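So you know, we letter chains A, B, ... as the sequences are listed, proteins then strands, and number each from 1. No experiment lies behind these values; they were computed from the predicted model shown.
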Amino acid sequence: MPELPDVEGFKRTLAEHATGHQIERVAVRDPGVLRGVSARQLTSRLRGHRFAEPRRQGKWVIAGTDGPAVLMHFGMTGSLRWTDGHAPAERFERLTFVTDGGELHYDDMRKLTGISLASNDEEARRLLRSLGPDALTVQPGEFADLMHGRRAALKTVLMDQHVVAGLGNLLTDEILWRACINPRRAASSLTAHEVRRLYARMRWVLRTSIQAGDVPAKRSWLTGVRYEPAPRCPRCRTPLCHARIGGRTSVWCPRCQGE
DNA sequence: TCAGTTGTTTATAT
DNA sequence: AATATAAACAACTG
């Protein structure tokens, strides 16, 4: 269930375990996750190279090496696991990087996105150049400018990876609920005060979620109640509204955030 | 059997 | 350029 906090965790897995280790081979169990590269190419171009410090931009992990860089996306169901030695394949394991120190396993049930290869970090940046600034590191002034220039519904704008990278459906609803702003408001209609509040709540939700390793499903969070049959606002107990906004199911509190 | 799903890309129209 | 919408991708859950 990868949202930005989960992806940050995958990056950490790479950083803590894989960095410095040499890739001996890549075992492609399901080429359906490869994007723009064949299984043979992936192995031959990566073999012998060592993982460097990984980066994250939005929901992408860039696993650099002293040669090519691996671009990973996790769609709705992907994840990354490290095992110190060889481990039998999990049910949805699609690809394994076998290194001299252990194995990095890419699991993904649905295969909605996948893995691609860039010749170097420069090409990796070029491939991801259409992404907006990362939601965790975007500066308040830049964030305000981005919101100001968009007339579409706030929910749609926040989820648009070309505007700000990293916010998915659950995170966006959680942030808007905490900022007490209606998801259908035009982004450009926010007052300066509202933009500052939105920014502050976004930072808080992201930092708290990253610490937890995912968006917490606690009862005090919108995320923790949104799948209940008749969910109520964790703050004021008002029954929550739900509708499709920007093509995704959205949940909000009509009392805290307006109808 | 059918609807729904935590995401991205592409096409299409406005 | 923005904006809005739908479809496709794939495989599971309720």
Atom-to-atom span, CD of A/Gln57 to P of B/dT8 - whole angstrom: 12 Å
Heavy-atom pair of closest approach, residues A/Arg35 and A/Gly32: NH1-O, 2.9 Å
Geometric class of the A/His21/A/Trp82 ring pair [parallel <30°, tilted 30-60°, perpendicular >60°]: parallel
From C/dT3, C/dC12, B/dG7, nucleotide with atom closest to A/Arg248 side chain: B/dG7
Whether over 12 other heavy atoms sit under 6.0 Å from A/Arg29 CZ: yes
Sugar-phosphate, base or nothing in reach of A/Arg226, heavy atoms under 4.0 Å: nothing
Given DNA chain B, 5'-ward residue of the pair A/His73 and A/Thr249, judged by closest heavy atom: A/Thr249
Nucleotide B/dG7, atom C1' - distance to CG of A/Asp173 in whole Å: 15 Å
Interatomic distance where CG belongs to A/Leu4 and P belongs to B/dT6 [whole Å]: 17 Å
More than 12 heavy atoms from other groups under 6.0 Å of CZ on A/Arg235: yes
Sugar-phosphate, base or nothing in reach of A/Gly168, heavy atoms under 4.0 Å: sugar-phosphate
Listed nucleotide nearest any side-chain atom of A/Met109, set B/dG7, C/dA11, C/dT3: C/dA11
Charged N-O contact under 4.0 Å between A/Arg50 and A/Asp100: yes
Quiz item: cation-pi between A/Arg226 and A/Trp177, 6.0 Å / 45°: no
Rounded distance in Å between the P positions of C/dT3 and B/dT6: 23 Å
Sugar-phosphate only, base, or nothing, as touched by A/Phe92 at under 4.0 Å among non-hydrogen atoms: sugar-phosphate
Separation of atom CG in A/Leu170 from atom C1' in B/dT6, rounded to whole Å: 5 Å
Length of the CG-C1' vector between A/Asp108 and B/dT5, whole Å: 13 Å
Nucleotide B/dT8, atom P - distance to CG of A/Leu127 in whole Å: 16 Å
Out of B/dT5, B/dG7, C/dA11, whichever nucleotide has its closest atom nearest the side chain of A/Arg244: B/dT5
Ring geometry between A/Phe74 and A/Tyr106 (parallel below 30°, tilted from 30 to 60°, perpendicular above 60°): tilted
Base versus backbone protein contacts along nucleotides 9-14 of chain B [heavy-atom cut-off under 4.0 Å; B, S, -]: ------
Presence of A/Tyr227 side-chain N/O under 4.0 Å of B/dT6 phosphate oxygens OP1/OP2: yes
Paired nucleotide for B/dT6 [Watson-Crick or G-U wobble; both distances under 3.5 Å]: none
Nucleotide nearest A/Lys111 when distance is taken to its side chain, options B/dG7, C/dC12, C/dA10: C/dA10
Check: A/Arg110 side chain, B/dG7 base, donor-acceptor under 3.5 Å: no
Separation of B/dT8 P from A/Met72 CE (nearest whole Å): 17 Å
Which nucleotide in B/dT8, C/dA10, C/dA11 has an atom nearest any side-chain atom of A/Leu112: C/dA10
For atom CD of A/Glu93 and atom P of C/dA11, their distance in whole Å: 16 Å
Presence of salt bridge, A/Lys155 and A/Asp173, under 4.0 angstrom: yes
